[in-house]
Amino acid sequence: MKYHRFYAYVLILYLEMQLKSLRTFLRCSEYLLLKSVDNDDEVAVVSLGSLLCRIKDALFILIRDFGSITQLENSSFVLVDIDFCFMLCGEIQKIFSRCKPPTRYHRIDSLDVLKIYDMLSRFDENNKVLGREINRAYITFSNCLSKLTSPMRDVNELMELINTVLENLTGILNCCDGNFHVRFTMEAFHVRLQNLKVKLRSLKSFICFAKFQVVEHRNLLIDAEIFTLKAAHFLYMFWDYIMYEMGQRSEDEVVEDDILIKSHEMLRKSMFVDPFAPEIHIQALQALKASGSTLSLEVKNKEIARDFVDSLSATLWILLANSGNTSFLVSVTDQMQILYYGLLFLRTLLTNQQGNFDELPEEMKDFVGDLVNEAGTVVCLLCVNGVKDGFAMETNDALCDFLEKIKLIKAEVRNKYPATSTPNFPKANQLGFIDFLLENLKELANCKVNSITLVEDQIQVFEKDLVFLRSFLHKFVDQHEELQSLQSCVMEVAYKAEFVIDSLMVGNIECSPLLFETIVEEMKHIRIEAMEINDSMKYNMVEVQKFTNTSSFVPSQGSTSTMDEDVLKLDDATTTIIDRLTRGSTQMDVVTIVGMSGLGKTTLAKIVYNDSSITYHFHIRSWCCVSQLYSKKDLLLQILHCITGKHCNTNLKEMNEDDLDVQLYRHLKGNRYLIILDDLWGTEAWNLLKNSFPEDANASRVLVTSRLQDLALEIKSNSIPHALRLLTNDESWELLKMKLFVQERFSSAMHVLGREIASNCKGLPLTIVIMAGILSTLEQDGWEEVLRSLSSESVSRTEQCRYTLELSYKHLPDYLKSCLLYFGLFPEDEFISAKRLVWLWIAEGFVQKNELKTLEEVAEGYMMGLINRSLVMVEKRRSIGGVKFCKIHDVIHEFSVAKAREENFLQLLRGGNELFTFHEAGKVRRLCIYSETKDFEEARLFCPGVRSLIYFGLDYDCQVYPSSFSHVFRIFRFLRVLDMYQIDVGDVFPTEIELLILLRFLSLKVSVKSIPPSIANLLYLETFLLRGCHGSNSSGLLPDTIWKMKNLRHLHTENYWSFILPWGHNLENSCGLCHLQSISTVELCCKNMKKITRLLPDIRKLKCRLSHSYSENISVGNCYGKSGWKCDRIFALDSLTRLESLRIYTWAVRDEFRIPFPVSLKKLSLSSFCWQWSEISSIGKLPNLEVLKLKFDSFEGKVWDMEEVEFPKLKYLGLEYLDIVNWTGNGEHFPCLEKLVLKHLRTLEEVPSCLSWISTLEVIEVQGCTKSIVDLVKKIEEEQKAFGNEGIKILIHDP
């Protein structure tokens, strides 16, 4: 029944769209009727009148039928003719809108779905007949348009017509987006429809602009009428074709009518010609200029001018995105970018919320008004003359004049509102950038690009000078502040060189050897200056030239701390909160913890959440982090994920908000629950969720943490918040000692200094923790300097925390500064994948090469350096240590974002408002965007110099048309990092990606069946991540060209999507992917195993799905068929001699596989093999194995007897979803075991007795097992403690 209700709702939506289309025709028919009367065409008048009568009758029947079904009151009408029908359509739309979300289920529940279907079917049948005549009317009228010599209506009526067509267009886009049946058609027309929307808005804004300047240019109005009427006809045909695609029109009905055949053919061939002529706009603007009138930018006029400028920027952006800008000249690209962002600056200046404009001098306001007019002229000239091969003289003069005037206005605004200037290049880790550039220069030695070979000699000279200067600056710049200006000169020239080299790489035709020759000369002069300085310092130049780019310090990966581990527990606060949660009223209650940032609200909530009395008292516990950016769906998913576990989460993600609401309510109903809402910034999120929390009078609780003192009263009027107190001086000193881990080596002097430093932290825990990170790297004299700097500042606690962060940042090595600032691009409170972060750092060039370690190992050392300084928190660890997920405190996040912007390291744009007001793109190197996909698409960003683009979608897993974002690949040609894994680009891999030849990191969300061969154009690609759509569960075939991507280091998929590696006879001479470190998930079969493993000589981590081999005549996609088996049963993984981590499973006939494992393995995870327990002996003898996870029928059988098994180095053992009953063993097994995890072993009755005396055992975790196993584990705990292992932890979770 639910499906039928939804189907009825969908039918109503489609009917609503038909009514919009009908209303558009009724507006247009006014013009048709007027033209027929003017021509004394009585036949046309009578024909149109007859058509309008039938439309009116059809509408009356519809509103009568719908009113009888819904019991909604019908409105009475007194109007006649066209206006009557138009108003009738509008009234029906209003009635239908009452059946739309969020009340659609409540309303449609009371409807007879079959009656709705019958009613809509009758109207649709009438509409099909009427549609043919409407189409004829449109075509008849189109034939008369070319004969127009004067406007048929006044400006106001023309505006109404444009608004109606825009409403129709917007309705089509909203109705078709996400509709699977019309995806192919919408993909072909999406950009065209969006551009049409821009043109209609531009036309409307231009006419308004001209009208308020008392310039009604006749040709302009005629042109506007023709364009709008043809657009209306196009949209009518397009909607009719969409209905045909969705099955609402049969092919027979289409064939019946020659007019429909021509219409559909016209659509297929995209023959809709834009009649809009920019020459007419230029004439109107010139007439305005000749009139000598000045636009008075009062409030109303300012809005009109702003809309006009906005439409100009949209028109210019379309011109740039669609005119093959990849071959623009450098000068043209620069000027176009300046023009585009000059227009955005004007738009921002004219925005109502922008106070800067109102306080400008009157003459400057008039100047702005004139400049708006000139902006229109420049853009129209560009539309007429084009830009691909340079500017026409007329265009160039107008453009230069406009850009000069923009500079004057910007200078005036800066004088009134001085802003902090940002450098022309990122300040963080400048020497690290030089190292990265030098590595790139070395790679160019093997580059085959013709434009690079032309400057090969000059690059060698430049490289030699840069090596010298890098070494010189490394030796002297920190010791002599006067060399800072020299370093700035070096950096400026280095960034210029990078830009020119990258331009040559992507095929920019203006970059020539002469341009690079100038840069070489600049660097040569700087080198001479440096040598003179060196001579004055009497330094031995031979030593200076001994340059190495290896890291001077890589932190060890030993024990680490986090902000939440070993915290100073405030027993009074913990006891108070636990009492309020477990005692008191039986009614559902809300408890609030409030306090300033850094005071430990989240830490206290976590302590309470994990307290044994809380886990015992509540049936269900769930944690939800809210923060400032959230969606209701994301909050519901967080709560449900905690309740249901990760294995159910994929299905939940496919649900809409209404269904998730119901799911949460059902899970909580009848249970005593505790929900943590962490970091609440207002009541909006609470209002979204509160109806999902049932009131069962069973003492359920919601615990809220917030910085806002009054939030508790806003949520519940009589609630008393728990305000966290500051630490005392003694508590501050205890926390500082705890975080330093060096209590045993404190000298008496350091003890005194430490106490004073702790006292100066003013009782704020976060400040103390960060200060510990600083002090841990300093000797006693450094402590004295820190104390002096703290004592000299008279600041508030909030400012103190920020000052401490500045101090911590100052003490970081340069290479860690970039890594810390990079955290600013992730959403607040985001759990960040450590491996993903490491790969991004490598792609960005932050990680320096080390001969003894891989880049990944060096980067992991960087992360540990930040963790040891208490700047980064570990949220989840790997099985035997190491970081799986990390995050930063929201105060550190705010600092990172602000510092990154200050140092021009990163630009973060949050939400549509920041996107639409962004107009300073010239200096941006990294751009991070949080927005809905619609806002991202409509913001029309033009930042060709950006090197990194990272996008976080606020509309969860939104699917888009690839054409919507094709501009990203055409405009952002210099990208090295492109991360768009939250935008579903569908089942067609965007081929324009091949243009981004400089990419090193690429992450997309797709559901494609194959990757195009052109992916091999990305020769520098190091990390390639593809995320499958939820429920896709499919495979994508990689092309043969994948073996040419020699720089590839990581090839990964997520969400049940997998790769199929190509194999064939032509691979015999290939040297393979010699740098590939990890791959996940790949399908492997017996037949191609030896070939594939030979081509992966350096693989360290592998996740794969195994299948049988298949015969030559079976395609890769059909490898699971029953015919053609040639199974040799052996998967020769032992040839992967560097493999350390292996996760392997199968969906085929499982017990036939035999897998020789490499002795290098440290981590092994198995699923679905159904091996007998006797076969585990080979795994037990692996000499380096530290982690073993046996899941989901990896082994079968009732008894696992470990008589022959040793596992000499195993530290982690996990057993999950197995049918084992007796697990026995009396020998010295698992001598190094630290953690044992038993999950969902429903039949297990016995565990080995040897577990009682393993001295290294730290944790036993049990979930979903029988009570007898729980009792056995508790007995092991007692015996372990009897042997002296007091630190052992036993974790018993709910099933």
Leu975 and Phe1001: CA distance, side-chain angles, deciding distance, side-chain contact (heavy atoms from CB on, under 4.5 Å) verdict:
CA-CA 9 Å; Leu975 283 179; Phe1001 181 101; over 6 Å; no
Of Thr1081, Leu1038, Thr1023, the residue whose pairing with Leu1051 passes side-chain contact (heavy atoms from CB on, under 4.5 Å):
Leu1038
Would the Tyr822 and Phe846 ring centres measure less than 6.0 Å apart?
yes
Looking only at non-hydrogen atoms, find the nearest pair between Ala843 and Phe436 and report the distance.
O-CZ, 4.1 Å
Is it true that a side-chain atom of His1050 and a backbone atom of Glu1022 form a donor plus acceptor pair closer than 3.5 Å?
no
When you compare the side chains of Ser879 and Lys1189, does any donor N or O come within less than 3.5 Å of an acceptor on the partner?
yes
Within the side chain of Glu1196, is there an N or O that forms a donor-acceptor pair under 3.5 Å with the backbone of Asp1193?
no
For a quick test of reading the model, state the closest non-hydrogen atom pair linking Phe969 to Pro990 and the distance between them.
CE1-CB, 3.6 Å
For the residue pair Phe1059 and Phe1024, categorise the inter-ring angle as parallel (less than 30°), tilted (30 to 60°) or perpendicular (more than 60°).
tilted
Between Ser1167 and Ser1194, do the side chains contain an N or O donor and an N or O acceptor separated by less than 3.5 Å?
no
Side chains of Ser948 and Glu844: is there a donor and an acceptor less than 3.5 Å apart?
yes
For Thr1256 and Pro1231 the tightest heavy-atom approach is OG1-O, 3.5 Å
Indicate yes or no: at least one non-hydrogen side-chain atom of Arg878 is less than 4.5 angstrom from one of Tyr1212.
no
Do His1293 and Glu1261 make a side-chain contact, defined as non-hydrogen atoms from C-beta onward lying under 4.5 Å apart?
yes
If we ignore hydrogens and angles and just use 3.5 Å, is the side chain of Thr1137 paired with the main-chain N or O of Asp1134 as donor and acceptor?
no
Contact check, side chains of Ile1144 and Leu1102, non-hydrogen atoms, under 4.5 Å:
no
Intermediate values then yes/no, side-chain contact (heavy atoms from CB on, under 4.5 Å), Ile1179 and Phe1207:
CA-CA 8 Å; Ile1179 297 175; Phe1207 297 100; 4.2 Å; yes
Exactly one of Trp1173, Phe1195, Trp1200 clears ring pair (Phe, Tyr, Trp, His ring centres under 6.0 Å) with Trp1223, and that residue is Trp1200
Any chance you could lay out the side-chain hydrogen bond (donor to acceptor under 3.5 Å, both in side chains) test for Glu1140 and Ser1160, step after step, and finish with the verdict?
CA-CA 6 Å; Glu1140 296 179 354; Ser1160 56; over 6 Å; no
For the side chain to side chain donor-acceptor pair (under 3.5 Å) test, which of Arg1049, Glu856, His1052, Lys835 pairs with Ser1078?
His1052
Indicate yes or no: at least one non-hydrogen side-chain atom of Tyr815 is less than 4.5 angstrom from one of Tyr862.
yes
